Amino acid sequence: MTKFEIEDMEIRSFRGIKQYELIFENKSLVFCGANGTGKSSFVNAIEYLFTGKVGSLSGIGDVDHKKSIIHRGDKADDLLVRAHINGHTIERSFKNGFKCDNELKDLKADFKNGSFILNRNKLLKFIESTPRTESFNDLKAE
């Protein structure tokens, strides 16, 4: 499978999200809101689903990665991030670990690597980058 689209996501007990379900309906998604409203938690949940970690929390002093991704007041076994991709299921939790349908297993190494994940640091780098001056048509002509 070279292209996949996330159809929907369920997030439970993950960072600032107690419980939320997103249905994408083949549309783009834009998060906007004041600080502390959970925008980063959604991006972190996607990264966690595919890689099993949240890169922006790794290596920060004595931060316990596992404890820092559980919603305050919840138990580790409550945490779940699940998505349906092209009709197949992928999920990650502390209780059951990483599970995905056989059709997605060939991507498991790519998931763990996480190089295709647009995490918080990559998003910020993109936002702060200088726009290219050439147009799409100029690039196409090369």
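We number each residue from 1, following the sequence as shown. Side chains are part of it too, since the values below use all heavy atoms of this structure and drop only hydrogens, waters and symmetry mates. Please read all numbers here as calculations on a predicted model, not as lab measurements.
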Between CD1 of Ile69 and OH of Tyr48, what distance do you get to the nearest 0.5 Å?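 It is 4.5 Å, given to the nearest 0.5 Å.
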What distance do Asn96 atom CG and Lys99 atom NZ have between them, rounded to the nearest 0.5 Å?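 Reported to 0.5 Å precision, the distance equals 5.0 Å.
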Show the nearest heavy-atom pair for residues [X] and [Y], with the distance to one decimal.
X: Met9; Y: Ile6; value: CG-CG2, 3.7 Å
X: Ser41; Y: Gly16; value: OG-N, 3.2 Å
X: Arg92; Y: Leu79; value: O-CD2, 4.3 Å
X: Asp101; Y: His88; value: OD2-CA, 3.2 Å

Among Lys67, Arg12, Arg15, Lys18, whose salt bridge (Lys or Arg N to Asp or Glu O under 4.0 Å) with Asp74 holds?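 One option only clears the test, and that one is Lys18.
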For Tyr20, which residues count as a ring pair (Phe, Tyr, Trp, His ring centres under 6.0 Å) partner, sequence neighbours excluded?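 In terms of ring pair (Phe, Tyr, Trp, His ring centres under 6.0 Å), with neighbours along the sequence ignored, Tyr20 is linked to Phe42.
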Indicate yes or no: at least one non-hydrogen side-chain atom of Leu49 is less than 4.5 angstrom from one of Phe98.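 Leu49 vs Phe98: side chains apart.
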Considering only heavy atoms from C-beta outward, does the side chain of Glu5 approach that of Asn86 to under 4.5 Å?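 With C-beta onward as the side chain, the pair touches.
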Pi-cation contact, Phe94 with Lys66 (under 6.0 Å, within 45°):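 Pair Lys66/Phe94 counts as cation-pi.
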Heavy-atom donor-acceptor pair, Ser93 side chain to Leu80 backbone, under 3.5 Å: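 No, the answer is negative, given that no donor and acceptor are paired below the 3.5 Å cut-off.
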Do any N or O atoms from the side chain of Glu7 and from the backbone of Gly87 form a donor-acceptor pair under 3.5 angstrom?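 The answer is yes, because a donor-acceptor pair under 3.5 Å joins these two groups.
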Would Arg82 and Asp8 pass as an ion pair if we require N to O under 4.0 Å?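 Asp8 and Arg82: not salt-bridged.
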Testing the 3.5 Å rule here: is there a donor-acceptor pair between the side chains of Asp78 and Ser13?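 Their side chains do not contain a donor-acceptor pair, so the 3.5 Å distance test is not met.
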In chain order, what residues pass the side-chain contact (heavy atoms from CB on, under 4.5 Å) check against Glu25, with sequence neighbours excluded?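 Ile23, Lys27.
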